[in-house]
Amino acid sequence: MSFNLDDALIFFNIIESKPIYWGIDHFDKGRFYPLAFMDLNLLMRLFPTSDILTAPRIYFFANVVAFALLTCVLLYLLMQIVPLSYSVLALLICFVNLGFVVVFMGVCFPERVQVVWLSGYILGLFFLAHKQKRAGLWALVCIVCGGASMFYKEPDCIFICGSLVVFIGLRFYYGYKSGAHNKHATIPIVIVGLALGLTACVFMGLYLWLVVPNIQKSYANFGLKNLQVAKDMINAIMYHPFLFLFAPAVLAVRVQKVLQALKTNDTKALHTSYAFYDALLIAALAYGASFFVLMIFTPYYFFPCYVMALLPVAFYTKMYYAHLRKLLIVVVLAHILVNVPSALSRYTSIKLLPPHYLQATQFLADYTRANAGTNIVMLGQRSDPLGRVFYGYLEWFVRYFDGKDFTLASPDPAPIDSLKSGDLLYLDSYTQAYITPQILARLSADYEVIFSSSYVGFYDVGLKSLAKYLLLHYAPKYAKSLSSSNIFNAPLGVYIYRVR
């Protein structure tokens, strides 16, 4: 089992054999990604099951296959341009990453399959750019993989079409300036561009026909206040320094070198194959910028940018290392201090918590069957939309395990002091309350611990969490703006307390 927010909803759909069509169910919000979740529907048809404990194994094996494909393609491409040690380091930055953890540790995000198609498109374009044999085969790979990825996420049109337009344009320009243009080698690339341009037109036509007339509310966050936008932008940059600090710097150095080469007639910097790396880098930054325009800053949205930008960033970092060395050290440190702790903590919540969560919900089901009229309060959960989601999921699981005659209540409208003897308090790391060992000890003293299940995992002890800790303790009036007081994602366990 996994516990991204929508994973539980998806797994309940799976055990009830309900197809998942979220990619075409949200025309009212302007969303259209029709191939998303088709892999889940196919697995649902091939391996039907009604067991919530068995179903995840099938779908996570599919995740492993997708991850293996992605890793093989990216590692192969990286090893064509940098040594194995640098290739592994680049993959670690890509995969020891909050966006990767969120996307690949669950099943509810279409980016899982989207990035596999994108890697196939980049692989095909790489071979075409370097004049490899079997141009027809690689052109077909580009068309199939690029076309599929467009229907997995709307902004892929920006990356696919943008990368091809820039690639073809720069390839012609570099060839003209260096006198090394090969028209025959460019023909398959132009064919790919025409085919994927036509695919993009089909996508846009369907979007204008099916989606635009039904839009009622934009999926974009255009209603955010300026202060919130600034805060979210800073968060995005802190979580993704390689994308929004290092990659733009790489592009700036590359532009400087191209301009310098044009002045000095240095044809080495204008090799036609370099157009491939330039195009990928520019298109990857444009893809990331599209979410800034939409004011969507959720970390996992930017994970495909890593796949898009990985090759050109590695290539030009090797070429222009002297110019980029100091900044590279800074962004590596920023990644380690901000992104990595959050990634490890999220891995703990998504993958290590769920088995204990399921044990706890089975225990609650057994308890409610034996103690009619039990009230269950989730400690630290509010009556806000996020709190209601967690209450809803807990109720689903308890009822799935045949829980009877119980009531879930929030501490907001139903103070803990009003609970009767025998009622229960539930606590896990998704609580929005600030949890410390002292608070756990106080709860154990005030109530009877009837269930506890702890696990070894990671707290979120990154730079951002430490800053929030200082805010909570030394500037509490400003801490009210925090979305959750549980800054370290504690506790590493699930606890059920009974009112004496």
Side-chain angles (χ1 to χ4, degrees), residues 2-9 98 101-102 106 228 231-232 235 239 297-300 341-342 344-350 352-354 356-357 360-361 364 375-398 407-419 423-443 446-447 452 454-455 457-462 464-473 475-497:
S2 65
F3 215 46
N4 279 319
L5 276 184
D6 290 330
D7 280 353
L9 178 57
L98 180 59
V101 169
V102 171
Q228 184 63 45
K231 175 186 172 184
D232 288 346
N235 276 335
Y239 274 122
F297 304 103
T298 310
Y300 73 85
S342 292
L344 295 175
S345 175
R346 187 63 66 90
Y347 174 83
T348 300
S349 299
I350 295 174
L352 302 183
L353 165 63
H356 304 268
Y357 180 89
T361 54
L364 287 172
N375 293 307
I376 304 172
V377 169
M378 296 184 74
L379 285 171
Q381 290 298 356
R382 306 166 187 160
S383 297
D384 60 2
L386 182 61
R388 289 196 293 271
V389 166
F390 286 114
Y391 267 97
Y393 287 163
L394 187 68
E395 181 176 7
W396 286 357
F397 280 103
V398 174
T407 302
L408 285 170
S410 167
D412 292 347
I416 294 176
D417 292 342
S418 66
L419 295 177
D423 288 342
L424 304 179
L425 306 176
Y426 173 90
L427 177 67
D428 65 25
S429 62
Y430 279 101
T431 178
Q432 298 181 58
Y434 180 65
I435 300 296
T436 64
Q438 293 77 15
I439 292 174
L440 290 177
R442 193 182 313 140
L443 286 169
D446 294 343
Y447 305 97
S452 66
S454 59
Y455 47 89
F458 299 92
Y459 294 108
D460 189 345
V461 288
K464 280 189 62 181
S465 299
L466 295 176
K468 291 177 182 178
Y469 174 83
L470 294 175
L471 201 64
L472 276 172
H473 285 78
K477 67 177 182 178
Y478 298 107
K480 294 178 181 178
S481 62
L482 296 176
S483 58
S484 172
S485 298
N486 190 12
I487 54 178
F488 298 119
N489 290 342
L492 296 182
V494 181
Y495 301 91
I496 298 174
Y497 304 92

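What's counted below: heavy atoms across the whole structure, side chains too, no hydrogens, waters or symmetry copies.
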Taking the side chain as everything from C-beta on, heavy atoms only, tell me whether [X] gets closer than 4.5 Å to [Y].
| X | Y | answer |
| --- | --- | --- |
| Y239 | K464 | yes |
| V102 | P299 | no |
| T348 | Y455 | yes |
| Y495 | L443 | no |
| I376 | E395 | no |
| L471 | I487 | no |

With rounding to the nearest 0.5 angstrom, report the [atom1] to [atom2] distance, [X] to [Y].
| X | Y | atom1 | atom2 | value |
| --- | --- | --- | --- | --- |
| Y497 | L424 | OH | CG | 12.5 Å |
| F297 | Q228 | CZ | CD | 9.0 Å |
| L492 | S349 | CG | OG | 8.5 Å |
| L427 | Y447 | CG | OH | 12.0 Å |
| H356 | S429 | NE2 | OG | 10.5 Å |
| L394 | Q381 | CG | CD | 9.5 Å |

- Message: For W396 and Y393, take the angle between the two ring planes, folded into 0 to 90°, and tell me which bin it lands in: parallel under 30, tilted 30 to 60, perpendicular over 60.
- Response: tilted
- Quick one: sort the H473 and Y434 rings into parallel, tilted or perpendicular, breaks at 30° and 60°. perpendicular
- Note on the structure: Here the pair of heavy atoms bringing S485 nearest to L472 is O-CD1, 4.0 Å
- Message: Minimum heavy-atom separation for L419 and N375, please, with both atom names.
- Response: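 The answer is CD2-CB, 4.1 Å.
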- Polar side-chain atom of D460 near backbone of N489 as donor-acceptor pair, under 3.5 Å: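 Checked: no pair found.
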- Verify, without hydrogens or angle tests, whether T298 (side chain) and Y300 (backbone) share a donor-acceptor contact under 3.5 angstrom. no
- With sequence neighbours left out, what residues match Y347 under ring pair (Phe, Tyr, Trp, His ring centres under 6.0 Å)?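 With neighbours one apart ignored, the set is empty.
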- Task: List for me each residue that meets side chain to side chain contact (heavy atoms under 4.5 Å, CB included) alongside A433, sequence neighbours excluded, and say none if there are none.
- Result: T431, I435
- For the ring pair Y357 and Y430, is the centre-to-centre distance below 6.0 Å? no
- Message: One pair to check against side-chain contact (heavy atoms from CB on, under 4.5 Å): V377 and D423. What are the steps and the verdict?
- Response: CA-CA 8 Å; V377 169; D423 288 342; over 6 Å; no
